[in-house]
Each structure stands twice: as structure tokens, then as C-alpha cells.
Undergrad: 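First the structure, which I've put down as C-alpha cells, then a few questions once you've had a look.
In each ligand, atom 1 is the first atom listed, and ligand 1 is the first ligand listed. The analysis underlying the following values was restricted to heavy atoms, covering all of them including side chains, and did not include hydrogens, waters or symmetry mates.
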Amino acid sequence: MAQKIVAGNWKMNLESDEAFQLIDELNTELEESDVRVIVFPPSLYVLPLSKMNKGSYEVGVQNFYTAESGAYTGEIAIDQIKSVGGSIGLIGHSERREYFNETNAFLKEKVDVAIEKDFDFIFCCGEPLEIRESGKQADFVKLQLEESLFHLNAKQMEDVIIAYEPIWAIGTGVTATAEQAEMMHKDIRSWVADKFGQETADKVTILYGGSCKPGNAEELFSCANIDGGLIGGASLKSTDFSAIIKAF
Ligand code: PGA
């Protein structure tokens with residue numbers, strides 16, 4: 001079965017005192033539940049946040065590099081992340097694709113390294129506005145999956161977490177309607193089923209991201225193929241983030 005996940009992508013926000021305060025609040029507000037809760041702070045804070053963890057969330061990284069170690073100024077490796085308590089990484093967020101030129105081919109390398117290192121990841125995909133307006137969003141997202149994920153075998157694929165994040169809905173306040181999101185999620189699951197079989201497709205977790213907030217989370221999460229959310233802006237306020245988790 002797919003996992004239920006709510007993940008908060010803090011992006012390049014919060015100074016350390018604000019980050020620690022947010023985590024203190026989450027430690028108080030989060031209740032025991034069957035939802036897997038993950039926070040993705042700036043990597044600087046992974047170590048202190050792991051130490052402050054009372055067990056109700058996991059700490060992940062927004063980015064990592066493919067090499068094991070060595071002369072790669074500014075980058076961080078999976079073993080280093082694990083050594084400070086990070087358990088999962090984002091791969092292919094649209095902001096990494098756009099501002100740091102991460103291509104489907106490079107993201108495939110990250111997927112391979114993560115699997116080799118037994119490091120969980122959330123693979124992000126999603127189309128820009130002009131592609132949505134031309135009606136070619138399904139082809140666009142399918143190609144992202146084919147070029148970065150579909151070389152895996154079924155056993156590897158079943159543990160993959162995908163986040164569908166239409167770029168036009170990220171940080172804009174414009175959410176994809178539950179119907180638009182569900183249509184893409186259903187397509188994603190059917191492409192996985194065509195390639196790897198239905199049993200694998202049923203185990204793949206597919207999250208929605210893009211202006212998800214307390215007011216729309218319940219409707220989104222009640223869709224058959226939406227297994228949770230990757231939350232940006234609303235993950236920076238503990239009350240909003242906890243409300244989204246409770247929306248399950
Ligand atoms: P948003 O961001 O919730 O602020 O739209 C989502 C994301 O980029 O992961």
C-alpha cells in the first residue's frame with residue numbers, strides 16, 4: 001500500500017532561531033498518527049533539528065549531490081546527511097530544475113545514487129503554465145518520469161515517492177483543483193502500472209504539491225490517488241502544517 005505522507009519543504013526560509021521555534025511548536029502540536037511527517041529545512045539545520053526531534057517527524061534535505069565525497073565545493077553527500085540524522089532527500093524540485101539547471105538525465109543519476117545508498121527520496125515532477133495551457137501536461141510529466149525513474153526495476157520502483165507539483169501552483173496561491181490533481185495522479189499511477197505492473201503501482205506513493213493549505217488539504221487528500229502532500233509556504237507555520245496533517 002502507498003504511504004500517507006505530509007512533508008514540509010521550508011526552501012531557503014527561516015533563520016536558525018525561527019527554525020528552532022517552529023520545531024519546538026511542531027514537537028508540541030504533532031500528535032501520534034499513521035501519517036509519515038517529514039520536514040525539509042535548509043541543510044544547515046538538519047543536525048540541530050534531528051537532535052531536537054521527539055519522534056513525530058523525520059528530517060530530510062532539499063538537495064544532495066551524486067558523488068560519495070571529495071572536491072565538490074558547496075555540495076553535500078548522502079553519507080554526510082545520514083551522519084547528521086537526515087533520512088530522506090528531495091530530488092528534482094522545479095526550483096532546482098529551473099534555477100540550477102537540473103536535467104532529467106542528472107536527476108536519474110541522483111535517483112541511482114539514492115537507491116545504491118538506500119536513502120529515501122521524493123521525486124518531484126510537474127509542468128509549467130505554458131505546457132498546461134497547451135494541454136500537453138500529461139506528455140510533459142510522463143517524460144520526466146520516463147527519463148529519470150523508469151529504468152528502475154519493479155522492486156526499486158515500489159518504494160518510490162513521487163510528488164506531482166504543477167509549477168503554476170507553486171507559491172502562487174493557485175491550487176490545482178482536486179479534479180485536476182487527481183487526473184494527473186491517476187495518469188501517473190497508470191503509467192507506473194503499464195511499465196511495472198499494477199501491484200507495484202498500488203505501492204507507489206504520489207503526493208500533491210502546490211499551494212496546498214489547511215483549507216484545501218482535506219479535499220485533495222480524499223482523492224483516490226493522492227497519498228499526501230509536499231507543502232511549501234504553509235509548512236512554515238506550525239498551526240497550518242499541523243492542520244494539513246490532521247486533514248487526513
Ligand atoms: P507551495 O510550495 O506549497 O508554497 O506552493 C510547494 C513546493 O514547492 O514544494
Undergrad: Going by the atom numbers of ligand 1, which of them fall below 4.0 Å from some non-hydrogen atom of N9?
TA: 9 (O)
Undergrad: List every atom of ligand 1 that sits less than 4.0 Å from any heavy atom of G171, numbering the atoms from 1 in the order shown and giving each element.
TA: 1 (P), 4 (O), 5 (O)
Undergrad: Please could you name the atoms of ligand 1 that G233 approaches to less than 4.0 Å, counting only its heavy atoms?
TA: 1 (P), 3 (O), 4 (O)
Undergrad: Which atoms from ligand 1 have a heavy atom of H93 less than 4.0 Å away?
TA: 7 (C), 8 (O), 9 (O)
Undergrad: Using a 4.0 Å cut-off to any heavy atom of A169, which atoms of ligand 1 qualify?
TA: 5 (O)
Undergrad: What I want to check is whether the side chains of E182 and N225 have a donor and an acceptor closer together than 3.5 Å.
TA: yes
Undergrad: Between F150 and F196, is the gap from one ring center to the other below 6.0 Å?
TA: yes
Undergrad: State if S211 counts as touching ligand 1 under the rule of any non-hydrogen atom under 4.0 Å.
TA: yes
Undergrad: Among protein heavy atoms, which sits nearest to atom 3 (O) of ligand 1, and what does the distance come to when rounded to 0.1 Å?
TA: G232 N, 2.9 Å
Undergrad: Under a plain distance cut-off of 3.5 Å, with no hydrogens placed, do Q21 and D17 share a side-chain donor-acceptor pair?
TA: no
Undergrad: Geometry only, no angles: is G210 polar-contacting ligand 1 at N/O separations under 3.5 Å?
TA: no
Undergrad: Answer with yes or no whether the side chains of H185 and D227 bring together a donor and an acceptor at under 3.5 Å.
TA: no
Undergrad: Any idea which atoms of ligand 1 are less than 4.0 Å away from a heavy-atom of E165?
TA: 6 (C), 7 (C), 8 (O), 9 (O)
Undergrad: Judging by distance only, is a nitrogen or oxygen of K11 under 3.5 angstrom from one on ligand 1?
TA: yes
Undergrad: If you measure only the distance, is there a donor-acceptor pair under 3.5 Å linking the side chains of W191 and E146?
TA: no
Undergrad: Within 45 degrees of the ring normal and closer than 6.0 Å to the centroid, is that where the cationic atom of K110 sits relative to F121?
TA: no
Undergrad: For E58 and S87, does a side-chain donor sit closer than 3.5 Å to a side-chain acceptor?
TA: yes
